[in-house]
Amino acid sequence: MSATTDCPCQSKKPFSACCEPYIAGKSAAPTAEALMRARYTSYATGRIDFIEKTHAPESRADFDRKASEKWAKDSTWKGLHVVATKGGTPADATGIVSFIAGFSQGGKDYEHREIATFRKEGASWLFVDGKSPKPDTVVNTGPDVGRNAPCHCGSGKKFKKCHGNS
């Protein structure tokens, strides 16, 4: 990847002015979001050392380096969308970043959705934990079909005698 190539994190900045200084250890990510973007870029570029290095000490035992290397190598990284952030500014001690990382494997597209928690130690942000977001609750906004109402399929039968028994 050249210095003028757009950064894989989709910041619309060149790699050299975005995630590369953090991954190369030339500077520390100033925000939780910047660290999260650099971690995504590390997967996209196969630089798993940075992923391991930026785990908080208590989460390092859960890190599977071989699985991470395989995922990075076997995936085509499609992009990153930051959904929301809470805290994580240079003045904060903690931060939360909700994101969607797109990738494909074997010709199929996937999305990794995560709510990631970060903590600042000194000048460095560390990844603490990641959780899957809760699914959205689906609310039926259409009218309720009564048992004695005509069935919606047009059979002419009452709902209870047609689709109400399924």
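Position 1 is the first residue of the sequence, and the numbers go up from there. Basis for what follows: all heavy atoms, side chains included, without hydrogens, waters or symmetry-related copies.
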Distance (rounded to the nearest 0.5 Å) between [X] [atom1] and [Y] [atom2]:
X    : Y    : atom1 : atom2 : answer
H81  : C9   : NE2   : SG    : 13.5 Å
S104 : D109 : OG    : CG    : 5.5 Å
F127 : T54  : CZ    : OG1   : 8.5 Å
L35  : Y22  : CG    : OH    : 9.5 Å
T94  : L126 : OG1   : CG    : 12.5 Å
S68  : H55  : OG    : NE2   : 7.0 Å

Contact between [X] and [Y] at the side-chain level, heavy atoms closer than 4.5 Å - yes or no?
X   : Y    : result
I48 : S42  : no
M36 : V82  : yes
D92 : K120 : no
S59 : D129 : no
F63 : I51  : yes
D49 : R65  : yes
C7  : F15  : yes
Y40 : W77  : yes

Could you check D62 against R60 for salt bridge (charged side-chain N to carboxylate O under 4.0 Å, His left out), going step by step and ending with a plain yes or no? CA-CA 5 Å; D62 294 333; R60 285 189 184 136; over 6 Å; no

Tell me who clusters with I100, hydrophobic residues only, linked when side chains sit under 4.5 Å apart either directly or through other members.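 Under the 4.5 Å side-chain rule, I100 groups with V83.
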
Is R113 close enough and on-axis enough to F99, meaning under 6.0 Å and within 45°, for cation-pi?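 Cation-pi check for R113 and F99: fails.
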
Taking A67's backbone N and O only, do any of them form a donor-acceptor pair with D64's side chain (distance below 3.5 Å, no angle check)?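 Checking the backbone N and O of A67 against the side chain of D64, a donor-acceptor pair under 3.5 Å is found.
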
For the aromatic rings, using the six-membered ring if either is Trp, is the centroid distance between W125 and F118 under 6.0 Å?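 Aromatic pair excluded; centres sit 6.0 Å or further apart.
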
I'd like to know whether the aromatic ring centres of H112 and W71 sit less than 6.0 Å apart in this structure.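 So the answer is yes for these two rings.
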
May I have the step-by-step check of side-chain hydrogen bond (donor to acceptor under 3.5 Å, both in side chains) for T85 and E33, ending in yes or no? CA-CA 7 Å; T85 60; E33 181 180 339; 4.7 Å; no

